[in-house]
Amino acid sequence: MNKPNANAEKQRRFRERQRDKGKKEVRGYVSVEAQKCYQDLAEKTGWSDSELLTNALRITYAAHKCGQIKLLSEWLKQHQR
């Protein structure tokens, strides 16, 4: 009888451990173009879903701090990505 609740309990404990480590779950919908980029990056780097998101955010932040966001946006537009 407790089987359905056992999995939910495991998931709850996992989410709590991640929060305790300072991690935050982020969700959203991804465009078709972004899905293709995701697949390319995953194949080339071997990164997990979490690593891809984390690194994408860090790289975007670094570009912002270096004043390169416009350059990145233009590259994406020119290459239809």
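Quantities reported herein were computed from a predicted structural model and do not represent experimental measurements.
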Side-chain donor-acceptor contacts of residues 53-65 below 3.5 Å, not counting sequence neighbours, with atom names and distances?
unit_1	atom_1	unit_2	atom_2	d
T54	OG1	S50	O	2.9
N55	ND2	E51	O	3.2
T60	OG1	A56	O	2.7

Inset, instruction - Can you run down the side-chain hydrogen bond (donor to acceptor under 3.5 Å, both in side chains) pairs that involve residues 10-26, sequence neighbours left out, and say none if there aren't any? - result: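 Residue pairs passing side-chain hydrogen bond (donor to acceptor under 3.5 Å, both in side chains), neighbours aside: E9-R12, R12-E16, E25-R27.
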Inset, instruction - With sequence neighbours excluded, give me every side-chain hydrogen bond (donor to acceptor under 3.5 Å, both in side chains) pair touching residues 71-81. - result: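 Output for this query lists D40-R81, W75-H79.
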Inset, instruction - Could you pull out all residues at least two apart from V32 that satisfy side chain to side chain contact (heavy atoms under 4.5 Å, CB included)? - result: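 Counting only residues at least two positions away or on another chain, V32 forms a side chain to side chain contact (heavy atoms under 4.5 Å, CB included) with K36.
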Inset, instruction - Give me the other members of the hydrophobic cluster that L71 sits in, counting Ile, Leu, Val, Met, Phe, Trp and Tyr linked by side-chain heavy atoms under 4.5 Å, directly or via other members. - result: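 L71 shares its hydrophobic cluster with no other residue.
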Inset, instruction - Any chance you could pull the hydrophobic cluster mates of Y38, using side-chain heavy atoms under 4.5 angstrom and chaining through other members? - result: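 Once heavy-atom contacts under 4.5 Å are chained together, Y38 belongs with L41, W47, L52.
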Legend entry - Listed partners of Q68 passing side-chain hydrogen bond (donor to acceptor under 3.5 Å, both in side chains), at least two apart: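 Once residues adjacent in sequence are excluded, Q68 has no partner under the side-chain hydrogen bond (donor to acceptor under 3.5 Å, both in side chains) criterion.
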